[in-house]
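Structure record follows, encoded as structure tokens.
Each chain gets a letter, A, B and so on, in the order the sequences are listed, and its residues count up from 1.
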There are 4 protein chains.
Amino acid sequence: MSTVFDRIAESFARQGLMTHLGAKLLRAEAGVVAFDLPMSERVTQQQGAFHGGAVSALADIACGYAALTQAPEGMEVTSVEFKINFISAARGDRIEAQGKVLKAGRTLAIAQAEVFDHREGKPVLCAAMQATMIYVAKTY
Amino acid sequence: MSTVFDRIAESFARQGLMTHLGAKLLRAEAGVVAFDLPMSERVTQQQGAFHGGAVSALADIACGYAALTQAPEGMEVTSVEFKINFISAARGDRIEAQGKVLKAGRTLAIAQAEVFDHREGKPVLCAAMQATMIYVAKTY
Amino acid sequence: MSTVFDRIAESFARQGLMTHLGAKLLRAEAGVVAFDLPMSERVTQQQGAFHGGAVSALADIACGYAALTQAPEGMEVTSVEFKINFISAARGDRIEAQGKVLKAGRTLAIAQAEVFDHREGKPVLCAAMQATMIYVAKTY
Amino acid sequence: MSTVFDRIAESFARQGLMTHLGAKLLRAEAGVVAFDLPMSERVTQQQGAFHGGAVSALADIACGYAALTQAPEGMEVTSVEFKINFISAARGDRIEAQGKVLKAGRTLAIAQAEVFDHREGKPVLCAAMQATMIYVAKTY
């Protein structure tokens, strides 16, 4: 049993936005996590592709939970800030965000995420994020 | 009748993500727009506040549609990238994002948005975004 | 006598990079500072304009020292990260960066800076920065 | 003879800021470049480490020239924007920035750079940048 996976899954299940949009936790190991989000009318922009807001929300949690895999016990993670580049429009059946930690310090963690558009099974890089996270006390 | 408002409203109504989350267009004039998003279980993170993904999605469209108010006829706007700082947790009844254009060129536009948390009627700055938009041909 | 101004000036004078490039402290008040940098062959890029690296270095210290005006006694400021948009090429006699604090917390401060190109006396916005600073113990 | 290397070297030699600070081009291949910058009093901040402005200037050109390796003939590259995280203070003999292209389109290129602090020969990641570049006509 993966303790890291369970820790992420417990926090993730509490995110109304993510469960509502249909995102799922795929993998969680030390410093690395992956989530996916299926295409639906809940996540589109005006031209029918995945909305940048949905892409960035998925990349944000990939960065945040990658940082959480390296957090001290009893701590949660909050986003200080992030920056995302949209590299190509995502129109596939689903997108997958892979997050990894560049550096986890005592107070802050720096993480990156890449988002892939899965169109006919072939992943294409559609966005890249770089983020700063802060460790905060868990309140639930 | 505001032509600018109608142009934004037409594009905005096509965004599955935004209508699904409950966002509304409040104002749209040359270079300046505002949107709001009510609190609901559709937009929360694991500690019950507005999810950073929802805050950034609202700020993203505020930047994008501010840029659209200054786009040539027949053009749409796509996000090249954005960066957002989360300044305080938003736990109010609604958040409001105000977007403005710093510079609109022929190809690119630079925009900023501020997001305010409305708790008991008092707006508190909860996030700030700086974004790059690109003008693209409208395909619908 | 401005204590805030002196505090900034003392720290700034120790920056080898900035004094070497010719930057000067113009103003410093609570939450707001300004610096300028004259055009010289020390600060150009390959097409003869101010180098983005020089523009961003000036904007960075404008954000950092704006945060320092609100730091607890005995603390210094270090940049966690920043993001800068280059809005137009700067080719004037000097550039001026104006920094302001959006929020100063106990650990982190969020700041913004605008850089103006002074060509024939008229200021033109040439760059905009949004930055995260962290308060650290002063070691000198 | 590397045509890519020569193309970068020719443009780089024209950068007053970079030659003045002492930066050198180390490598340039398709989509990947590296530059270094030796420690000197020209590049320090107030606590004696490499100034964030010098670190970001080096990372900026690593991103820009990585994009230039994939530019059409006769084109130059200009920074639209970049975002940099400072991961640890750099106090070594030199820093090295490695840039790579994530995507080079017709108009824009997305690049990333990592900066390593070389202290006693051992490289430590001290900064990470994500940048947007635009291809523009060469004017010299």
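With chain D as partner, the option from C/Gly48, C/Gly53, C/Gly16, C/Ala13 having the largest number of non-hydrogen pairs under 4.5 angstrom is C/Gly16. Taking chain C as the reference chain and counting heavy-atom pairs below 4.5 Å, the highest number among D/Phe86, D/Phe82, D/Phe50, D/Phe12 is found for D/Phe82. Heavy-atom pairs under 4.5 Å with chain C peak, among D/Leu58, D/Val43, D/Leu21, at D/Val43.
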Below 3.5 Å only, please: all the donor-acceptor pairs between chain D and chain C, one per line.
residue  : atom : partner  : partner atom : Å
D/Arg14  : NE   : C/Gln46  : O            : 2.9
D/Arg14  : NH2  : C/Gln46  : O            : 3.3
D/Gln15  : OE1  : C/His51  : NE2          : 3.0
D/Gln15  : NE2  : C/Gln46  : OE1          : 2.8
D/Gly16  : N    : C/Thr44  : O            : 3.1
D/Gly16  : N    : C/Thr44  : OG1          : 3.3
D/Leu17  : N    : C/Thr44  : O            : 3.0
D/His20  : NE2  : C/His20  : NE2          : 3.3
D/His20  : NE2  : C/Arg42  : NE           : 3.2
D/Arg42  : NE   : C/His20  : NE2          : 3.3
D/Thr44  : O    : C/Gly16  : N            : 3.1
D/Thr44  : O    : C/Leu17  : N            : 3.0
D/Thr44  : OG1  : C/Gly16  : N            : 3.2
D/Gln46  : O    : C/Arg14  : NE           : 2.9
D/Gln46  : O    : C/Arg14  : NH2          : 3.3
D/Gln46  : OE1  : C/Gln15  : NE2          : 2.8
D/Gln46  : NE2  : C/Glu76  : OE1          : 2.8
D/Gln47  : OE1  : C/Thr139 : N            : 3.3
D/Gln47  : OE1  : C/Thr139 : OG1          : 2.2
D/His51  : NE2  : C/Gln15  : OE1          : 3.0
D/Glu76  : OE1  : C/Gln46  : NE2          : 2.8
D/Val80  : O    : C/Phe86  : N            : 2.9
D/Glu81  : OE1  : C/Lys83  : NZ           : 2.8
D/Phe82  : N    : C/Ile84  : O            : 3.0
D/Phe82  : O    : C/Ile84  : N            : 2.9
D/Lys83  : NZ   : C/Glu81  : OE1          : 2.8
D/Ile84  : N    : C/Phe82  : O            : 2.9
D/Ile84  : O    : C/Phe82  : N            : 3.0
D/Phe86  : N    : C/Val80  : O            : 2.9
D/Thr139 : N    : C/Gln47  : OE1          : 3.4
D/Thr139 : OG1  : C/Gln47  : OE1          : 2.2

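Only the side chain of C/Ile61 comes within contact range of chain D, with at least one heavy atom under 4.5 Å from a heavy atom of that chain.
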